[in-house]
J.: 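There's a structure below that I have some questions on.
Per chain, numbering begins at 1; letters A, B, ... match sequence-line order.
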There are 2 protein chains.
Amino acid sequence: MTSTTVLRRFNRNYTQRIGVLEDSFLGLGMPLAAARLVFEIGTRPTTIQALRARLGLDSGYLSRLVRGLERRGYVTVQPDVTDRRRRVLTLTDDGHKLLAEIEARSEAKACAILDPLSPRQRERLEAALATADLLVRAATAEFVRVDPTDPLAREAVTRYVAELNERFEHGFDPGPLAPADDEQYRPPHGVFVVARSDGEPVAGGGVRTFGGTAEIKRMWVHPDWRGAGLGSRMLRRLEDEAVALGHRVVRLDTRHVLTEAIALYERSGYQRIDRYNDNPYATHWYEKRLPA
Amino acid sequence: MTSTTVLRRFNRNYTQRIGVLEDSFLGLGMPLAAARLVFEIGTRPTTIQALRARLGLDSGYLSRLVRGLERRGYVTVQPDVTDRRRRVLTLTDDGHKLLAEIEARSEAKACAILDPLSPRQRERLEAALATADLLVRAATAEFVRVDPTDPLAREAVTRYVAELNERFEHGFDPGPLAPADDEQYRPPHGVFVVARSDGEPVAGGGVRTFGGTAEIKRMWVHPDWRGAGLGSRMLRRLEDEAVALGHRVVRLDTRHVLTEAIALYERSGYQRIDRYNDNPYATHWYEKRLPA
DNA sequence: CACGATGTCTGACTTTAGTCAGATATTCTG
DNA sequence: CAGAATATCTGACTAAAGTCAGACATCGTG
């Protein structure tokens, strides 16, 4: 049986049986879409714009849904202070009560579904769903080239730096962030790529030109998203970008404590070479010849 | 994280991303529900009644959907010869063409979703989905008491007999099926239980009164549904039924080749005892004292 | 063969979900 | 500061999905 067959079969069986999870929102006196909104807003106050991106709704439709929730007193709508075109949504006390009710219903429904399973089977299902969840999310993440000043890129780099600082024995200091730095990751010198899911960066990395070859830098994968192949995909994508920039050789450096990264590079055909830069944090240097 | 949390999280992520599998039916010039019907009818000719049970649709709504398909020449509707109230649906040639188109679109969509994954990740996802599929299906199977003459019970017993006949070294002959036999699995002497999913029996088993104690017989789980705990659930259910019939002790016999069954009984607290009947096929005899 | 149950159909209706074309206010860019 | 771009809102519309009450034919049972 092929993977697509399994996926399609699962989809049929699952949506038919578990789709009922959403039916638990019935009887709340509001359409399901509105209940989903309450859930999203409850997770964290959001702008209408963010909801539109996250849930993929038409702006007119969303506007009406929100107004409905406002009219019933579940949410308050206020202009965003930093950009008065945007409007920030917050749950009122009644909204939080409603959210609690929604949560309770979902939970009850989920319990009812899992109830017949023995603890052992439940654990198996939990593990399978967690794996499937991660892989499905990873498969649907979108890789996009962005400007290094894009908020997505900024966040990816910030988290990358924070992680190195935590994992390196004596911390990590990226030095002052000069505007010239950004220039390195802009065509024609280089590019920056992020993987995005639901509007959040889940992986990032850049290629720049250094010493006549391409150099891959700042590769990072969100901790919650590791083990799903995003690292390999990012690496492959950055190699493609290097080729597109006209390079035939790509290099990179790393530090011994980053064992997963080292494993990834070696699995991906990188050869260890001598020190080619003066990065004080680097302990390993790699090179790969790219197919034209 | 609890199982319900994982289930709910998966459900949110999954329906949002993969629900798109169904969007592939868009542009066929028919509502999604109609496309689903074509798929169901294509799998095997069905009656309207069966569709209603399987898809859980309102009879009026379904009637209209079917009439629409008929009007466009995708299905033919004929009275069932055995019961002229029922109507049998069959795909026409055009209907089969449409089904092929639907299949192609689903397949393309599934491919697109899986495409970004490496073969290794795809295999992992496939395994996870197959496990989740089995367990979700098992969790939602319904255990019902039925009369031993009920078609569901008949099918379960038939398949049970067929399997024993195949697995026993010299086959298995259940002997003539006497009406008195059925009586044994009817209150107040006994009961017959089947687990049902989408109208098909996926497990079955009976309790009868024999030699002053309860005896569990004819326990069977559909081969495609094994490894999901249906056997344990059926055993527990039959024990409960035995208690309800007023018994405090339940016995059963089995044959050495049925190793999973033996493992199940021993895991479930059954003690091996001496031969208590003259079943020529039995090699192992078990007993369990039931909590009141 | 009467009577209740079953299977299907019809008409009249509602809700949900969504689309699309502008209108308006605000912010960004040169 | 003009003009483009962005964020939201409004009105007018459609299609899909489903509900409900009742009508009608057929079947099984006593």
Side-chain angles (χ1 to χ4, degrees), chain A residues 15-16 19-20 22-38 41 45-72 75-89 147 149-151 199, chain B residues 15-16 19-20 22-38 41 45-72 75-89 147 149-151 199:
Chain A
T15 51
Q16 200 176 338
V20 192
E22 311 215 315
D23 290 357
S24 58
F25 298 164
L26 294 178
L28 286 171
M30 57 171 41
L32 200 143
R36 242 175 19 204
L37 279 194
V38 171
I41 300 168
T46 354
T47 63
I48 292 196
Q49 176 200 28
L51 282 179
R52 201 147 40 97
R54 196 127 31 95
L55 302 177
L57 298 172
D58 174 82
S59 77
Y61 181 35
L62 181 55
S63 176
R64 243 175 295 268
L65 285 173
V66 167
R67 211 182 26 159
L69 289 177
E70 193 186 9
R71 195 152 24 81
R72 290 155 190 251
V75 306
T76 54
V77 183
Q78 281 158 323
D80 184 337
V81 285
T82 68
D83 180 344
R84 296 215 314 287
R85 288 171 304 181
R86 267 204 282 263
R87 317 200 54 196
V88 180
L89 303 171
D147 191 87
T149 58
D150 187 292
Chain B
T15 50
Q16 200 176 339
V20 193
E22 312 216 313
D23 290 357
S24 58
F25 298 164
L26 294 178
L28 286 171
M30 58 172 40
L32 198 143
R36 239 172 25 202
L37 280 193
V38 170
I41 300 168
T46 353
T47 63
I48 291 195
Q49 176 200 27
L51 282 180
R52 201 147 39 98
R54 196 127 32 95
L55 301 178
L57 298 173
D58 173 84
S59 79
Y61 181 36
L62 180 55
S63 176
R64 245 175 293 268
L65 285 174
V66 167
R67 212 180 27 159
L69 290 177
E70 193 185 8
R71 196 154 22 83
R72 290 155 190 252
V75 306
T76 56
V77 183
Q78 281 159 322
D80 184 336
V81 284
T82 68
D83 180 344
R84 298 215 314 285
R85 287 171 303 183
R86 266 203 283 263
R87 317 199 55 193
V88 180
L89 303 171
D147 190 87
T149 58
D150 186 291

J.: Between atom CG in B:Leu51 and atom P in C:dG7, what is the gap in whole Å?
T.: 13 Å

J.: Return whichever of A:Ala33 or B:Ser59 has its heavy-atom-nearest nucleotide of DNA chain C closer to the 5' end.
T.: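 Going by which nucleotide is closer to the 5' end, it is B:Ser59.
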
J.: OP1 or OP2 of D:dT10 sitting under 4.0 Å from any side-chain N/O of A:Arg67?
T.: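 So the side-chain polar atoms of A:Arg67 do come within 4.0 Å of the phosphate oxygens OP1 or OP2 of D:dT10, strictly under.
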
J.: Taking all non-hydrogen atoms of both residues into account, name the closest pair between A:Leu51 and A:Leu62 and its distance.
T.: CB-CD2, 4.0 Å

J.: I want to verify a distance call: between C:dT19, D:dT26, D:dA7, whose nearest atom is closest to the B:Arg85 side chain?
T.: D:dT26

J.: Can you tell me how far P of C:dA17 sits from CG of A:Leu62, to the nearest Å?
T.: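 Spelled out: CG on A:Leu62 to P on C:dA17 is 13 Å.
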
J.: Could you check whether any side-chain heavy atom of B:Thr46 comes within less than 4.5 Å of a side-chain heavy atom of B:Arg54, counting everything from C-beta outward?
T.: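 Result yes, sub-4.5 Å side-chain heavy-atom pair found.
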
J.: From the list D:dT26, D:dT8, D:dA17, which nucleotide is the closest neighbour of the side chain of B:Asp83?
T.: D:dT26

J.: Applying the side-chain contact (heavy atoms from CB on, under 4.5 Å) criterion to B:Leu89, which one of B:Thr47, B:Thr76, B:Ile41, B:Val38 satisfies it?
T.: B:Ile41

J.: Select one nucleotide: of C:dC9, C:dA17, D:dT8, the one nearest the side-chain heavy atoms of A:Leu32.
T.: C:dA17

J.: So if I apply the side-chain contact (heavy atoms from CB on, under 4.5 Å) rule between A:Val75 and each of A:Val88, A:Leu37, A:Leu69, which one comes out positive?
T.: A:Leu69

J.: Over how many whole Å does the gap from A:Asp80 atom CG to C:dA25 atom P extend?
T.: 19 Å

J.: A:Arg87 has an atom CZ; how far is it from atom P of C:dT26, in whole Å?
T.: 11 Å

J.: At under 4.0 Å between heavy atoms, what does B:Arg64 touch on the DNA or RNA strands: base, sugar-phosphate, or nothing?
T.: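 B:Arg64: base contact, heavy atoms under 4.0 Å.
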
J.: Given D:dT8, D:dA17, D:dT19, identify the nucleotide with an atom nearest to the side chain of A:Thr47.
T.: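 Ranking D:dT8, D:dA17, D:dT19 by closest atom to the A:Thr47 side chain puts D:dT8 first.
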
J.: Rounded to whole angstrom units, what separation is found between the OH atom of A:Tyr61 and the P atom of C:dT15?
T.: 14 Å

J.: Tell me the interatomic distance from A:Leu57, atom CG, to C:dT19, atom C1', rounded to whole angstroms.
T.: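 Rounded to the whole Å, the gap is 12 Å.
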
J.: For the side chain of B:Pro31, counting heavy atoms from C-beta on, which of D:dA16, D:dC9, C:dG7 is nearest?
T.: D:dA16

J.: Could you work out which one of D:dT8, C:dG18, C:dG7 sits closest to the side chain of B:Arg86?
T.: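 For B:Arg86, the side-chain atoms sit closest to C:dG7.
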
J.: How many whole angstroms separate atom CZ of A:Arg84 from atom C1' of C:dT24?
T.: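 Atom CZ in A:Arg84 sits about 14 Å away from atom C1' in C:dT24.
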
J.: If you measure from OG1 on B:Thr82 to CG on B:Asp80, what distance do you get to the nearest 0.5 Å?
T.: 3.5 Å

J.: Without decimals, in angstroms, what is the distance between A:Ile48 CD1 and C:dA25 P?
T.: 17 Å

J.: If you check every side-chain atom of A:Asp58, which of D:dA17, D:dT10, C:dC20 has the closest atom?
T.: C:dC20

